[in-house]
Amino acid sequence: MAITIYETPGCSGCRLTKAILDRAGITYSTVDLSESLDDYRAVKAMGYTQAPVVCVTYPDGRNDHWSGLRPDLLGKYITSEKAQAAA
């Protein structure tokens, strides 16, 4: 999976992030931070204090991550995925 969403229950930003990806037909995996202490600690160690935390690997192999609802960065990822699929 090239995109992972670390989420918490009741997180509106998490729901909206997944909705944007769903509308674009992008497959992703999710991790519930309330159920995985190891993942929660890893996200905290990365410096994040709010969900969602989104980790992506672009088709060219670059990695990126951010927290919060970021339609701009999701759009960049979606565009790169669509371009890769069309190639």
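Numbers here are sequence positions counted from 1.
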Are any non-hydrogen side-chain atoms of Pro52 and Ser67 less than 4.5 angstrom apart?
no
Kindly indicate whether the side chain of Ile3, heavy atoms from C-beta on, has any atom under 4.5 Å from the side chain of Leu21.
yes
Return yes if a side-chain donor-acceptor contact under 3.5 Å exists between Tyr28 and Asp22, otherwise no.
yes
Does Ser36 reach the main-chain N or O of Asp39 with its side chain, forming a donor-acceptor pair under 3.5 Å?
yes
Output the distance between atom OG1 (Thr30) and atom OH (Tyr6), rounded to the nearest 0.5 Å.
10.5 Å
Using 0.5 Å steps for rounding, measure from the CG atom of Leu16 to the CG atom of Leu74.
10.5 Å
Can you check whether Ala24's main-chain N or O pairs, donor with acceptor, with Lys82's side chain at less than 3.5 Å?
yes
Interatomic distance, Ile5 atom CD1 to Cys55 atom SG [nearest 0.5 angstrom]
10.0 Å
Side-chain donor-acceptor pair present, Ser29, Thr4, cut-off under 3.5 Å:
yes
Can you confirm whether Tyr58 is buried at OH, in the sense that more than 12 heavy atoms of other residues, nucleotides or ligands lie under 6.0 Å from that atom?
yes
Quick one: side chain to side chain contact (heavy atoms under 4.5 Å, CB included) partners of Leu73, sequence neighbours excluded?
Trp66, Arg70
Quick one, Ile78 and Ile26 - any side-chain contact, counting heavy atoms below 4.5 Å?
yes
Can you hop from Leu69 to Tyr77 via hydrophobic side chains spaced under 4.5 Å?
yes
Checking side-chain contact (heavy atoms from CB on, under 4.5 Å) between Tyr48 and each of Gln50, Met46, Lys44, which is the one that passes?
Met46
Between the side chains of Arg15 and Glu7, is the shortest nitrogen-to-carboxylate-oxygen separation below 4.0 Å, so that they form an ion pair?
no
